[in-house]
Amino acid sequence: MTNKNYIRMKKLFISLLTIFTVIPFYAQKKEIPIYLDEGQSIEKRIDDALSRMTIEEKIAMIHAQSKFSTPGVPRLGIPEIWMSDGPHGVRMEIDWDTWSHAGWTNDSCTAFPALTCLAATFNPELSAEYGRAIGEEARYRKKDVLLGPGVNIYRTPMNGRNFEYLGEDPYLASKMVVPYIKGVQENGVAACMKHYALNNQELWRNTIDVEASDRALHEIYLPAFKAGVQEANVWSIMGSYNKFRGQYCSHHEYLVNKVLKDDWDFDGAFITDWGSAHNTDEAALYGLDIEMGTWTDGLTWGQSFAYDNYYLAQPYLEKLKKGELPISTLDDKVRRVLRLTFRTNMDRNRPYGSFATPEHADVARRIAEEGIVLLKNEKNFFPISKDCYDKIVVIGENAIRPLTTGGGSSELKVKKEISPLDGLIEKYGEDKIFYTMGYGSGPTVYDQFVESPYNADSLRTLALDLVKEADVVLFFGGLNKNYQQDCEGGDRTSYNLPFGQNELIEDILKINKNLGLVIISGNAVAMPWLDKVPAIIQSWYLGSEAGNATANIIAGEINPSGKLPFSIPKKLEDNGAMSFGEISYPGINNKQIYKEDILVGYRWHDTKKVVPQFPFGYGLSYTTFEYGNATTDKKEYNKNDIIKVSVEITNKGDKDGAETVQFYVSQKKPSLIRPAKELKGFDKVYLKAGESKNITIDIPVEDLAFYDDRVGTWVVESDQFKIHCAASAVDIKNSVTINIK
Ligand code: BGC
C-alpha cells in the first residue's frame with residue numbers, strides 16, 4: 001500500500017470509528033432523559049418526565065388500574081405504583097378487580113399490634129421500630145405505598161375503627177406517628193397517613209356531614225396529620241369518606257387545598273379512600289391527586305373494570321380537552337405522583353426489605369408487652385408465678401380466637417399467631433392449664449353480623465363446672481373485630497361487652513372469686529363487675545406474638561408499663577361526644593355537630609368534672625414509683641423559649657419497671673375557654689428496682705398555644721401557666737407555676 005493510500009485508509013478508519021462509537025456515545029448521552037438520571041434533583045426529574053408525557057398518560061397516572069395499583073407510564077419506563085393496607089401488617093394479596101383474597105401462598109406476614117397498643121406504650125422509639133419493620137415487610141412484598149398509619153382521634157368508644165388509631169390525645173398521637181412514618185419511609189416505601197379528616201365514626205361514614213369548630217379541628221383533629229407532614233415529611237395522605245361542612249373530605253377546598261397543601265406545604269400525593277371521590281370538578285380542583293377504589297356514584301355499584309369511568313379518568317380527560325378544567329391542576333397532580341414514584345419505586349438505592357422474620361416477631365412482641373395495661377391488681381393477683389397454682393382455668397373465646405383476621409381492611413394473613421391460650425400453655429405447662437370457651441361468637445364476615453353457631457347454655461355450663469375446681473380463673477374476653485365489635489364499616493351498638501360476657505363474669509364470680517380478667521379490645525367497655533373482680537388487664541389486638549406477650553406479663557417476666565391512650569368512662573353518656581345525644585353522635589339526617597368541641601377525652605372529664613372509670617394515661621406496674629418535685633429551669637419565659645422541666649423518679653419496689661411520666665399544662669386566665677389541662681410532654685423511664693433517675697424534658701413555649709378562631713391562628717397568651725407532673729390525667733403528683741411574657 002502506498003503512503004497516500006495508507007493515509008486515506010487511516011482517515012477512513014478514524015471516520016468509521018467516530019461514526020460507530022463516539023457519535024452514538026454522545027447521541028446516547030444526550031438522549032438519557034433527566035428523569036432517569038438519579039444524579040439530578042427530584043424536582044428536575046419531575047419537570048423532565050412531565051414534559052415528555054401525553055395528556056392521556058398523565059390521566060392514567062392519577063387513577064387506579066386495579067384495586068391496589070396505578071399504571072405508571074410504561075412508554076417512559078415509569079413503573080406502576082403498588083399499595084397495600086396497612087397499618088398493622090402488610091395485607092394479603094387481593095384480586096386485581098375484586099375484594100377477594102388472591103390466594104397467594106407467599107403473603108403471610110408478621111402482624112404487629114394494633115395502633116391502640118402502640119399508643120399505649122407511650123414509647124416513640126418503639127414506634128420507630130414498628131415503622132421500620134412494617135416498612136421492611138412492605139418493601140419485600142414490592143409495595144410502594146403502605147396504607148397507614150391511621151391518626152383519627154378517638155372521639156367516642158362507639159367508633160368501630162378506634163383500634164386502628166393512636167388514641168384520644170393529639171399530642172400523644174403526634175409524638176407516636178412521626179417515628180412510625182419515618183421508619184416506614186426509610187425503606188423507600190411511602191406511608192399513607194389516614195383518614196384526612198374527621199372520620200371519627202364508621203356508621204354512615206360515606207354520607208355523614210361533620211360540623212366541628214375551627215378550634216376543634218386545629219387543636220384536636222388535625223395536629224397528628226400536621227406532625228406527619230411537617231415533622232415526618234409523609235409522602236402520601238388518604239382522604240376520608242365523610243363530609244366536613246357540606247363538602248367531601250377527599251376533595252375539599254379548605255382541608256386539602258388550603259390547610260394541607262398551602263398552609264402545611266404538603267408536597268406528597270393526596271389519595272382517596274377507596275371509593276371516596278364523588279365529582280370530577282371537585283376532584284380536579286380541590287386537591288385530589290390519585291383516585292382509588294371508585295365504584296359508587298355515577299357507576300353501577302360493584303361494576304367491574306370501571307377504571308376508565310373514574311372521576312379522574314375519561315370524564316376528567318374530556319373536560320380537560322374541552323378546556324372546561326385547567327391543565328395546571330392536572331400537572332400539579334402528576335408532579336405529586338411522580339414525586340411519590342421518585343421517592344419510592346424509582347429510587348434504586350432503597351433496601352430490599354425482609355418478611356416475617358424472627359426480628360420482626362421480636363419487635364411485635366416487645367410492642368405488645370409494653371402496650372398491655374394493668375388496670376387493677378388487688379392483693380397482687382398478678383403476676384402469677386409458675387409454681388403458684390396447680391390448676392389455672394382459662395375461660396373465654398378471645399383466648400383462642402385469631403384476632404389478626406377481621407376488622408376490615410386491616411385484616412391480615414399471618415405466618416403465625418400465638419394465642420393467649422398457647423402462650424399460657426407454653427409458660428405454665430399443659431398439665432396446669434384447663435380451658436373452655438364459656439361464650440362464643442359467630443365467624444367474622446365484613447359488614448354483616450353473623451349469629452354464633454354455639455349453644456350458649458352449654459358453653460356456660462361447661463365453664464361454670466370447670467371454675468369450681470380452679471385455683472385461679474383467667475377470663476379472656478372483650479371485642480373481636482367482628483362487624484360492630486371493633487371493625488371497619490360499622491360502629492358498636494352497645495358499650496357493654498357482647499355475647500353474654502358480663503353475665504358469665506358475674507356467674508363465675510359467684511363460684512370462684514379468684515378471677516382475673518383480660519379484656520382484649522380497641523375501645524373502652526363498660527365494667528359493671530369492676531368492684532367484684534380483683535384484677536383486670538386491658539389488652540389489645542396484639543398481633544403475631546399476642547400469646548407470648550400476654551403470658552410474659554401474666555407470669556411477671558415482663559413488668560407491665562402500658563398506659564391508657566384513651567379514657568374509660570363509667571358509662572357511655574360520660575363521654576363528651578355521647579353526652580349531647582344524637583345530634584352529636586351519630587348525627588341526625590346525616591348531619592352531625594361535634595358539640596363537645598375541644599373537650600375530647602380527658603379534656604372533657606377534667607373540665608366538666610366527670611370522673612372516669614379509668615383515666616387517660618393510667619396504668620399500673622408490679623412495682624411502685626415515687627415522684628420528686630418537678631422543677632423548671634426558669635420561672636419566666638419568652639414566647640420563643642423552651643421550658644426545661646425536670647423531675648426525679650424512683651422505683652420503690654423490688655422489680656425493675658418503667659413509668660411514663662406525663663406533663664400536663666393549664667393556663668390561668670385564657671381569653672377563650674381552654675381544657676382544664678392538656679398533655680404537652682411525656683417520658684418513659686426504665687428503672688431497676690431501687691433506682692432513681694432525674695429526667696428532663698423540653699416543652700417549647702409555642703406548644704402552649706391555642707387556636708384562636710377569632711383571628712384564625714395559634715396564639716400563646718402572656719399569662720400564668722401550671723405544669724403538672726403526673727402519672728395519669730387524674731394522678732397529679734405536683735405542679736410548677738411559670739409565667740409567659
Ligand atoms: C379503608 C381504608 C383502606 C382502603 C383500602 C377503605 O375501605 O377505609 O382504610 O386503606 O379501604 O383497603
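Scope of the values below: all heavy atoms of this structure, side chains included, with no hydrogens, waters or symmetry mates. Counting convention: from 1, in listed order, for ligands and their atoms alike.
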S.K.: Tell me which part of R161 gets within contact of ligand 1: side chain, backbone, both or neither, using heavy atoms under 4.0 Å.
M.R.: side chain

S.K.: If you count the atoms of ligand 1 from 1 in the order shown, which ones are under 4.0 Å from a heavy atom of F68?
M.R.: 5 (C), 12 (O)

S.K.: Classify the contact between H195 and ligand 1 as side chain, backbone, both or neither, using a heavy-atom distance cut-off of under 4.0 Å.
M.R.: side chain

S.K.: State if M83 counts as touching ligand 1 under the rule of any non-hydrogen atom under 4.0 Å.
M.R.: no

S.K.: Does K67 NZ have over 12 foreign heavy atoms under 6.0 Å away?
M.R.: yes

S.K.: About how many Å separate CG of N257 and OH of Y286, when rounded to the nearest 0.5 Å?
M.R.: 8.0 Å

S.K.: Just checking, is any N or O donor in the side chain of D169 or Y154 under 3.5 Å from an acceptor N or O on the other one?
M.R.: no

S.K.: Between R205 and ligand 1, find which residue part has any heavy-atom pair under 4.0 Å and reply side chain, backbone, both or neither.
M.R.: side chain

S.K.: So between L146, I94, D85, whose heavy atom ends up nearest atom 12 (O) of ligand 1?
M.R.: D85

S.K.: Step by step, would you call S441 with R401 a side chain to side chain donor-acceptor pair (under 3.5 Å)?
M.R.: CA-CA 10 Å; S441 64; R401 189 181 174 103; 2.8 Å; yes

S.K.: Any nitrogen or oxygen of E488, side chain or backbone, less than 3.5 Å from one on ligand 1?
M.R.: yes

S.K.: Let me confirm one number: the NZ-NZ distance from K243 to K591, rounded to the nearest 0.5 Å.
M.R.: 6.5 Å

S.K.: Give me the nearest non-hydrogen protein atom to atom 11 (O) of ligand 1 as residue plus atom name, then the distance to 0.1 Å.
M.R.: D273 OD1, 3.5 Å

S.K.: Under the side chain to side chain contact (heavy atoms under 4.5 Å, CB included) criterion, do F122 and M176 qualify, and how do the steps go?
M.R.: CA-CA 8 Å; F122 277 71; M176 297 304 287; 5.6 Å; no

S.K.: Measure the distances from the heavy atoms of K67 to every atom of ligand 1 and state whether one is below 4.0 angstrom.
M.R.: no

S.K.: Relative to the heavy atoms of M238, which atoms of ligand 1 are at a distance of less than 4.0 Å?
M.R.: 2 (C), 10 (O)

S.K.: What pairs of donor and acceptor atoms, side-chain ones from residues 216-229 against any protein atom, are under 3.5 angstrom apart with sequence neighbours left out?
M.R.:
unit_1 : atom_1 : unit_2 : atom_2 : d
H218   : NE2    : Y254   : OH     : 3.0
E219   : OE2    : R215   : NE     : 2.9
E219   : OE2    : R215   : NH2    : 3.0
E219   : OE2    : Y707   : N      : 2.9

